[in-house]
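Contents: one structure, followed by commentary.
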Amino acid sequence: MYRQGDVLIVPVEEAAVPQRVAGLPGQPRDARGRLVLALGEVTGHAHAVVGPGELRREPGPFATGWLHLTEGGRVVHEEHAVIPLPKGWYRVVRQREYLPGAVRVVAD
């Protein structure tokens, strides 16, 4: 497993990737050509992946992301160390926090 700030990246065997992922739309790359895993609402910084591959995201406020890296890549962020990732499939989860009466994604 890999963690960068409030983003958890879990390796997944290809056979364990749910079939529904194939029908999810691919997420566009940002202006820098990165796949953005999470955008900081407070700072504007991004947890992003550099390298060939694609990111698909399930719908909903607590959406799971599915990252497929065909040649490996690097997770980058303006305030964290770079994390190299080998090629393969990954489940991307945003950290959540509980507030009385609500659950929300952690704001970066």
Side-chain angles (χ1 to χ4, degrees):
M1 283 191 281
Y2 306 88
R3 178 175 290 283
Q4 189 183 68
D6 58 345
V7 176
L8 178 66
I9 304 166
V10 182
V12 177
E13 293 292 328
E14 186 169 2
V17 175
Q19 290 183 356
R20 69 181 180 277
V21 172
L24 296 173
Q27 299 294 298
R29 291 179 179 267
D30 71 359
R32 297 184 192 175
R34 308 173 304 173
L35 295 167
V36 177
L37 305 178
L39 183 61
E41 298 84 0
V42 176
T43 64
H45 296 162
H47 298 278
V49 173
V50 177
E54 67 177 339
L55 174 64
R56 297 175 180 263
R57 199 176 303 277
E58 295 185 35
F62 304 113
T64 297
W66 296 93
L67 177 65
H68 183 221
L69 299 177
T70 55
E71 299 176 19
R74 297 177 298 123
V75 183
V76 297
H77 186 278
E78 291 82 351
E79 297 175 339
H80 298 283
V82 172
I83 300 173
L85 296 175
K87 70 179 182 178
W89 279 93
Y90 298 88
R91 185 168 51 94
V92 180
V93 181
R94 293 281 309 272
Q95 183 176 342
R96 300 171 190 147
E97 63 185 356
Y98 172 78
L99 299 172
V103 175
R104 68 178 187 185
V105 172
V106 171
D108 188 17

Is there side-chain contact between [X] and [Y], with at least one heavy-atom pair below 4.5 Å?
X: T70; Y: H68; answer: yes
X: R94; Y: V7; answer: yes
X: P11; Y: L85; answer: no

>> Which residue is it: V12, L55, V92? I am looking for the one with a side-chain contact (heavy atoms from CB on, under 4.5 Å) to W66.
In response: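 Per the side-chain contact (heavy atoms from CB on, under 4.5 Å) rule, the option paired with W66 is V12, out of V12, L55, V92.
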Atom [atom1] of [X] and atom [atom2] of [Y]: how far apart are they, to the nearest 0.5 Å?
X: L8; Y: R91; atom1: CG; atom2: CZ; result: 7.0 Å
X: I83; Y: R74; atom1: CD1; atom2: CZ; result: 12.0 Å
X: Q27; Y: L67; atom1: CD; atom2: CG; result: 11.5 Å
X: E54; Y: L24; atom1: CD; atom2: CG; result: 10.0 Å

> Taking only residues two or more places apart in sequence or in another chain, which ones pass side-chain hydrogen bond (donor to acceptor under 3.5 Å, both in side chains) with R57?
Replying inline: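 Residues passing side-chain hydrogen bond (donor to acceptor under 3.5 Å, both in side chains) with R57: none at all.
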>> Let's go through I9 and L37 carefully: what are the C-alpha distance in whole Å and the side-chain angles of both, what is the deciding distance for side chain to side chain contact (heavy atoms under 4.5 Å, CB included) to 0.1 Å, and is it a yes or a no?
In response: CA-CA 10 Å; I9 304 166; L37 305 178; 3.8 Å; yes
> What class does the angle between the rings of Y90 and Y2 fall in, given that below 30° is parallel, 30 to 60° is tilted and above 60° is perpendicular?
Replying inline: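 Rings of Y90 and Y2: perpendicular, over 60°.
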> When Ile, Leu, Val, Met, Phe, Trp and Tyr are grouped by side-chain heavy atoms lying under 4.5 Å apart, directly or through other members, which residues fall in the same group as V82?
Replying inline: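 Answer for V82: V50, V76.
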>> If we ignore hydrogens and angles and just use 3.5 Å, is the side chain of E71 paired with the main-chain N or O of K87 as donor and acceptor?
In response: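 Checking the backbone N and O of K87 against the side chain of E71, no donor-acceptor pair under 3.5 Å is found.
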> Just checking, any donor-acceptor pair under 3.5 angstrom between side chains of Q4 and H47?
Replying inline: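 The criterion, which ignores hydrogens and geometry beyond distance, is satisfied for H47 and Q4.
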>> Please give me the minimum heavy-atom distance between A48 and R34, naming the atom from each residue.
In response: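 Shortest heavy-atom contact: CB-CB, 3.7 Å.
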>> Tell me the closest heavy-atom pair linking V36 and A46, and the distance in Å.
In response: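 Where V36 meets A46 most closely, the heavy atoms are CG1-CB, 4.1 Å.
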